[in-house]
Engineer: 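Got a structure for you, written out below as structure tokens; questions coming shortly.
Numbers here are sequence positions counted from 1. Computed from a prediction, not measured in an experiment: that's the story for all the values here.
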Amino acid sequence: TSLGSARILTGQIDDQTAACLNRALGLAEQIGDVPGQLRLIERIHLLQLFTSDLDVAVGTAKRGEALAASSNDFAALARMQVSLGISCHYLGDVAAARSYIEAALSQPKPLETDIHSGLAFDYPQRAEITLSRSLWLQGYPDQALEMARKAIAILLAVDQPTNLCRALLWAFPVYYWNLELENYEEHVDRLIIESRRHALDAFQIFAGGMKGIALLARGETDSALALLKRSVEKMQEFRFGAAAGFSGPFAVALAKTGQS
């Protein structure tokens with residue numbers, strides 16, 4: 001479990017990582033370790049999101065939801081509903097995504113309590129940031145931005161670098177869509193610093209692309225192009241599905257510099 005989790009956070013998104021996690025899940029099933037199964041399902045789901053195996057990821061999250069519900073683990077159920085919400089968000093089903101997130105936030109046991117226990121692979125404010133993304137896509141940009149701001153402020157007050165890096169990455173589009181990158185760039189710089197300090201290779205790749213988008217927005221095209229090119233190439237090398245999302249700004253930077 002630890003090896004597979006560490007490989008995800010350090011950018012090793014490959015068959016070996018999947019094999020580690022699936023082998024551990026099989027062992028947890030054999031001994032009837034339901035909490036262990038739920039934690040592993042979360043990690044496998046995250047791996048599938050990284051590689052954009054979205055239909056498979058939905059199935060994985062539904063498997064976790066059913067297991068959590070049958071064991072009356074309401075905190076785990078909430079986490080699985082967040083996972084389902086994120087899967088639906090990526091698939092473009094915004095209404096379903098919002099419904100799952102709101103269901104997670106309404107579970108009897110507070111979601112944040114379980115996350116802070118250290119047993120979950122989730123992080124504080126993940127549900128709220130996901131909801132902010134859904135709100136923006138449903139036509140509520142001001143409400144979305146305010147929710148994202150509050151979530152980031154809460155995480156900045158807590159000394160948990162890995163959680164902060166994940167949250168800053170996930171909240172970035174809300175600011176990007178709202179044309180608020182000038183106000184978010186300091187967070188991008190923080191993400192770059194923290195990901196380097198803690199050797200979080202995957203986040204370093206994303207952070208470079210985010211910085212490139214921010215530079216592109218304020219007209220520093222040559223610097224933006226260099227960062228975006230490096231990030232997109234790395235994402236493709238490591239099989240990150242997010243490469244598609246950064247390819248648009250990369251194409252814009254190429255066009256602005258007269259390249260193709």
Engineer: Kindly work out whether a path of hydrophobic side-chain contacts (I/L/V/M/F/W/Y, heavy atoms less than 4.5 Å apart) joins Tyr140 to Trp177.
Structural biologist: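 Result: yes, single cluster for both.
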Engineer: Taking all heavy atoms of Leu181 and all of Ala217, pick out the closest pair and write down the distance.
Structural biologist: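 Minimum heavy-atom contact is CD1-CB, 4.1 Å.
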Engineer: Measure across Ile192 and Ala207 and return the closest heavy-atom pair with its distance rounded to 0.1 Å.
Structural biologist: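 Of all heavy-atom pairs spanning Ile192 and Ala207, the closest is CG1-CB, 3.6 Å.
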Engineer: If you take all heavy atoms of Ile101 and Ala127, which pair is closest and at what distance?
Structural biologist: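 Residues Ile101 and Ala127, closest heavy atoms: CG2-O, 3.3 Å.
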Engineer: Spell out, yes or no, whether Ile129 and Val94 are grouped together once hydrophobic residues are joined by side-chain heavy atoms under 4.5 Å, including indirect joins.
Structural biologist: yes
Engineer: If hydrophobic clusters are built by linking Ile, Leu, Val, Met, Phe, Trp and Tyr wherever their side-chain heavy atoms come under 4.5 Å apart, do Phe246 and Leu215 end up in the same one?
Structural biologist: no
Engineer: Is there a side-chain contact between Pro124 and Arg166 (heavy atoms, below 4.5 Å)?
Structural biologist: no
Engineer: Do you know the tightest heavy-atom contact between Leu25 and Ile44?
Structural biologist: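 What the structure gives for the nearest pair is CD2-CD1, 3.7 Å.
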Engineer: Does any non-hydrogen side-chain atom of Tyr100 lie less than 4.5 Å from one of His89?
Structural biologist: no
Engineer: Is a donor from one side chain sitting under 3.5 angstrom from an acceptor on the other, for Asp73 and Ser71?
Structural biologist: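 Not at all, the side chains of Asp73 and Ser71 share no donor-acceptor pair under 3.5 Å.
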Engineer: Please name the pair of heavy atoms, one in Gly209 and one in Leu228, separated by the smallest distance, quoted to 0.1 Å.
Structural biologist: O-CD2, 3.5 Å
Engineer: Please say yes or no: joined through hydrophobic side-chain contacts below 4.5 Å, possibly via intermediate residues, are Leu47 and Ile41 part of one cluster?
Structural biologist: yes
Engineer: Between Phe50 and Phe206, how do the two ring planes meet: parallel, tilted or perpendicular, split at 30° and 60°?
Structural biologist: parallel
Engineer: Is the ring centre of Trp170 less than 6.0 Å from the ring centre of Tyr90?
Structural biologist: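 Aromatic pair counts; centres sit under 6.0 Å.
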Engineer: What is the distance from atom NE2 of His198 to atom SG of Cys165, rounded to the nearest 0.5 Å?
Structural biologist: 7.0 Å
Engineer: How long is the straight-line distance from CZ of Arg218 back to CD of Glu185, given to the nearest 0.5 Å?
Structural biologist: 4.0 Å
Engineer: So do Tyr123 and Gln160 actually touch side chain to side chain, heavy atoms under 4.5 Å?
Structural biologist: no
Engineer: So, do Leu77 and Asn72 sit near enough that their side-chain heavy atoms are less than 4.5 Å apart?
Structural biologist: no
Engineer: Mind checking the CZ-CG spacing from Arg98 to Asp93? Nearest 0.5 Å is all I need.
Structural biologist: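 Taking CZ in Arg98 and CG in Asp93, the distance rounds to 13.5 Å.
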Engineer: Given side chain to side chain donor-acceptor pair (under 3.5 Å), test Glu102 with Gln81 step by step and report yes or no.
Structural biologist: CA-CA 9 Å; Glu102 290 177 338; Gln81 288 171 330; over 6 Å; no
Engineer: Backbone N or O of Glu220 within a donor-acceptor pair of the Ser223 side chain at under 3.5 Å?
Structural biologist: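 No, Ser223 side chain to Glu220 backbone: no donor-acceptor pair under 3.5 Å.
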Engineer: Between atom CG of Asn22 and atom CG of Leu40, what is the distance when rounded to the nearest 0.5 Å?
Structural biologist: 9.0 Å
Engineer: Leu191 versus Lys211: any side-chain heavy-atom pair under 4.5 Å?
Structural biologist: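 Sidechains of Lys211 and Leu191: no contact.
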Engineer: Hey, quick one: are Ile193 and Leu155 part of the same hydrophobic cluster, counting side-chain heavy atoms closer than 4.5 Å, chains of contacts allowed?
Structural biologist: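 No: no chain of side-chain contacts under 4.5 Å links Ile193 to Leu155.
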Engineer: Should Glu180 and Arg149 count as side-chain neighbours, where that means a heavy-atom distance under 4.5 Å?
Structural biologist: yes
Engineer: More than 12 foreign heavy atoms under 6.0 Å from CD of Gln138: is that the case here?
Structural biologist: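 Counting other residues, nucleotides and ligands, CD of Gln138 exceeds 12 neighbours.
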Engineer: I need the Asn178 CG to Trp136 CH2 distance, nearest 0.5 Å.
Structural biologist: 7.0 Å
Engineer: Could you tell me whether Lys234 atom NZ has more than 12 heavy atoms of other residues or ligands within 6.0 Å of it?
Structural biologist: no
Engineer: So does Gly36 get a backbone contact from the side chain of Asp33, meaning a donor-acceptor N/O pair under 3.5 Å?
Structural biologist: yes
Engineer: Starting at NZ of Lys256, measure out to OG1 of Thr221 and round the result to the nearest 0.5 Å.
Structural biologist: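 Reported to 0.5 Å precision, the distance equals 5.5 Å.
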Engineer: Looking at Ser195 and Leu200, would you say the former's side chain and the latter's main chain have a donor-acceptor pair under 3.5 Å?
Structural biologist: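 Between the backbone of Leu200 and the side chain of Ser195 there is no qualifying donor-acceptor contact (under 3.5 Å).
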Engineer: Starting from the C-alpha separation in whole Å, work towards a yes-or-no answer on salt bridge (Lys or Arg N to Asp or Glu O under 4.0 Å) for Glu128 and Arg133.
Structural biologist: CA-CA 9 Å; Glu128 287 82 356; Arg133 291 172 62 127; over 6 Å; no
Engineer: Do you know which of Arg43, Gln48, Glu42 makes side chain to side chain donor-acceptor pair (under 3.5 Å) with Thr60?
Structural biologist: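 The residue from Arg43, Gln48, Glu42 that satisfies side chain to side chain donor-acceptor pair (under 3.5 Å) with Thr60 turns out to be Gln48.
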Engineer: Is there a side-chain contact between Leu38 and Val34 in this structure, where contact means two heavy atoms from C-beta onward sitting under 4.5 Å apart?
Structural biologist: yes
Engineer: Could you check whether any side-chain N or O of Ser99 sits under 3.5 Å from a backbone N or O of Ala95, counting only pairs where one atom can act as donor and the other as acceptor?
Structural biologist: no
Engineer: Can you check whether Phe203 reaches Leu168 side chain to side chain, under 4.5 Å on heavy atoms?
Structural biologist: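 Side chain of Phe203 against side chain of Leu168, heavy atoms only: no contact under 4.5 Å found.
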Engineer: Evaluate Arg79 against Ser83 for side-chain contact (heavy atoms from CB on, under 4.5 Å), listing each step before the verdict.
Structural biologist: CA-CA 6 Å; Arg79 298 199 311 270; Ser83 295; 5.6 Å; no
Engineer: Take Glu237 and Arg230, measure what salt bridge (Lys or Arg N to Asp or Glu O under 4.0 Å) needs, and give me the verdict at the end.
Structural biologist: CA-CA 11 Å; Glu237 177 185 346; Arg230 190 180 308 123; over 6 Å; no
Engineer: Give the ring-plane orientation class for Tyr176 versus Phe172, where under 30° counts as parallel, over 60° as perpendicular and anything between as tilted.
Structural biologist: parallel
Engineer: Side chains of Arg196 and Gln204: donor-acceptor distance under 3.5 Å anywhere?
Structural biologist: no
Engineer: Under a 4.0 Å N-O cut-off, is there an ion pair linking Glu194 with Arg197?
Structural biologist: yes
Engineer: Considering all heavy atoms of both residues, which atom of Ala61 and which atom of Met80 are nearest to each other, and what is their separation?
Structural biologist: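 Where Ala61 meets Met80 most closely, the heavy atoms are O-CB, 4.2 Å.
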